[in-house]
Amino acid sequence: MVSQKALPRKFYEQRPLVVTKKLLGKNIVRRVEGGVMIARIVETEAYIGPRDKASHAYDNRKTKRTLVQWSKRGCAYVFKIYGRNHCFCVVIGRRHVPAVALIRAVEPLQGLELMAKNRHVRSTVNLTNGPSKLAQALRITSELNATDLCRRGDLFIAEGEEPIGRIVSSARIGIDYAREYRSVPWRFCVPDSIFVSKRQ
DNA sequence: CGACCGATCCTC
DNA sequence: AGGATCGGTCGT
């Protein structure tokens with residue numbers, strides 16, 4: 001039986017890289033009409049503004065899109081990318097310091113049928129093995145931007161099983177333009193998960 | 001107001 | 001390897 005108690009604010013108030021790493025193994029709980037979906041986080045990345053050139057909040061770019069990055073830790077930052085895809089992040093920066101953890105991959109635990117319906121794919125691994133794939137599977141869109149994940153609502157994160165083995169860290173994916181921040185090891189994943197992006 | 005482009009995914 | 005697809009962002 002998996003816990004459905006939201007992680008406390010205190011969890012998100014640790015140092016950004018600590019939170020990003022500790023999110024591995026935690027469970028995303030998503031309630032929609034038709035049921036509950038639960039998925040275990042297996043891959044994350046940290047974006048730590050304002051100096052991080054890969055971050056949307058680089059150089060303190062505070063816009064309508066990025067504003068949530070300055071809100072309370074433990075809130076959701078959901079953005080749309082390439083016109084059709086969404087990505088799901090968690091705010092983890094101290095007050096006045098924008099920072100988020102991007103959820104890059106999860107393992108489905110409950111509600112696989114719902115996820116498959118949302119994704120229109122057959123294979124289980126293809127359900128949630130990428131940031132926009134999991135957002136689509138869990139039906140996470142811009143409407144959920146700024147959701148407080150510390151409340152037990154339609155979207156929150158709960159305690160899960162500790163990852164077994166050593167956490168792998170590496171450079172982040174898809175941010176080659178970020179100059180000297182291109183190679184910082186701010187990507188974390190559990191070892192041996194088939195849902196983790198190829199490339200480590 | 002126009003131009004550019006992306007923390008991706010899918011198909012070829 | 002290339003196209004989809006559109007709102008955010010920035011320069012004029």
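A note on names: the letters A, B, ... follow the listed sequences, proteins ahead of strands, and every chain is numbered from 1.
The phosphate of C:dG8 (OP1 or OP2) has no side-chain N or O of A:Thr63 nearer than 4.0 angstrom. The shortest distance between the side-chain N/O atoms of A:Tyr82 and the OP1/OP2 oxygens of B:dA7 is not below 4.0 Å. Taking 4.0 angstrom as the limit, A:Arg119 places a side-chain polar atom (N or O) nearer than this to OP1 or OP2 of B:dC10. Of the side-chain N and O atoms in A:Lys64, none sit less than 4.0 angstrom from OP1 or OP2 of C:dG7. Considering only side-chain N and O atoms, A:His56 lies nowhere under 4.0 angstrom from the phosphate OP1 or OP2 of C:dG8. Look at A:Arg104 and you won't find any side-chain N or O under 4.0 angstrom from OP1 or OP2 of B:dA7.
Residues A:Arg40 and A:Asn27 bring no donor and acceptor atom of their side chains to less than 3.5 Å of each other.
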Stepwise salt bridge (charged side-chain N to carboxylate O under 4.0 Å, His left out) test for A:Lys26 and A:Glu159: CA-CA 5 Å; A:Lys26 302 294 189 284; A:Glu159 195 52 73; 3.5 Å; yes
Worked check of side-chain hydrogen bond (donor to acceptor under 3.5 Å, both in side chains) between A:Arg187 and A:Ser170: CA-CA 5 Å; A:Arg187 169 173 176 258; A:Ser170 68; 2.8 Å; yes
Test log, rule side-chain hydrogen bond (donor to acceptor under 3.5 Å, both in side chains), inputs A:Glu45 and A:Thr20: CA-CA 7 Å; A:Glu45 284 177 355; A:Thr20 305; over 6 Å; no
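The separation between A:Ile81 atom CD1 and C:dA4 atom C1' is 13 Å, rounded to whole Å. One can place CD1 of A:Ile173 at 10 Å from P of B:dC9, the figure rounded to the nearest angstrom. One atom, NE2 of A:His86, and another, P of C:dG8, lie 11 Å apart when rounded to the nearest Å. Remark: P of B:dT8 and CG of A:Leu127 are 19 Å apart, rounded to the nearest angstrom. Rounded to an integer number of Å, the gap from CG of A:Asn129 to C1' of B:dC10 is 12 Å. As rounded to whole Å, 14 Å separates atom C1' of C:dT9 from atom OH of A:Tyr177. The separation between A:Asn85 atom CG and C:dG8 atom P is 16 Å, rounded to whole Å.
Residue-nucleotide stacking is present for A:Tyr47 and B:dA7, judged by a side-chain ring centre under 5.5 Å from the six-membered base ring centre and planes under 30° apart.
Residue A:Gln69 is classed as a base contact, given a heavy-atom separation below 4.0 Å to a base. Counting any heavy atom pair closer than 4.0 Å across all strands shown, A:Leu102 reaches a base atom.
For CZ of A:Arg9, the number of neighbouring non-hydrogen atoms (other residues, nucleotides, ligands) closer than 6.0 Å is greater than 12.
Spacing between B:dC5 and C:dG2 at atom C1', rounded to whole Å, works out to 16 Å.
With A:Phe156 as the aromatic partner, A:Arg31 does not meet the cation-pi criteria of under 6.0 angstrom to the ring centre and within 45 degrees of the ring axis.
In the set B:dA7, C:dG8, C:dC10, C:dG8 carries the atom at the smallest distance from any side-chain atom of A:Arg65. When distances are taken from the side chain of A:Arg61 to each of C:dC10, B:dC9, C:dA4, the shortest belongs to C:dC10.
Heavy-atom distances to DNA chain B give each of A:Lys133 and A:Lys80 a nearest nucleotide, and the one nearer the 5′ end belongs to A:Lys80.
Nucleotide B:dT8 forms a pair with C:dA4, judged by Watson-Crick or G-U wobble geometry with both contacts under 3.5 Å.
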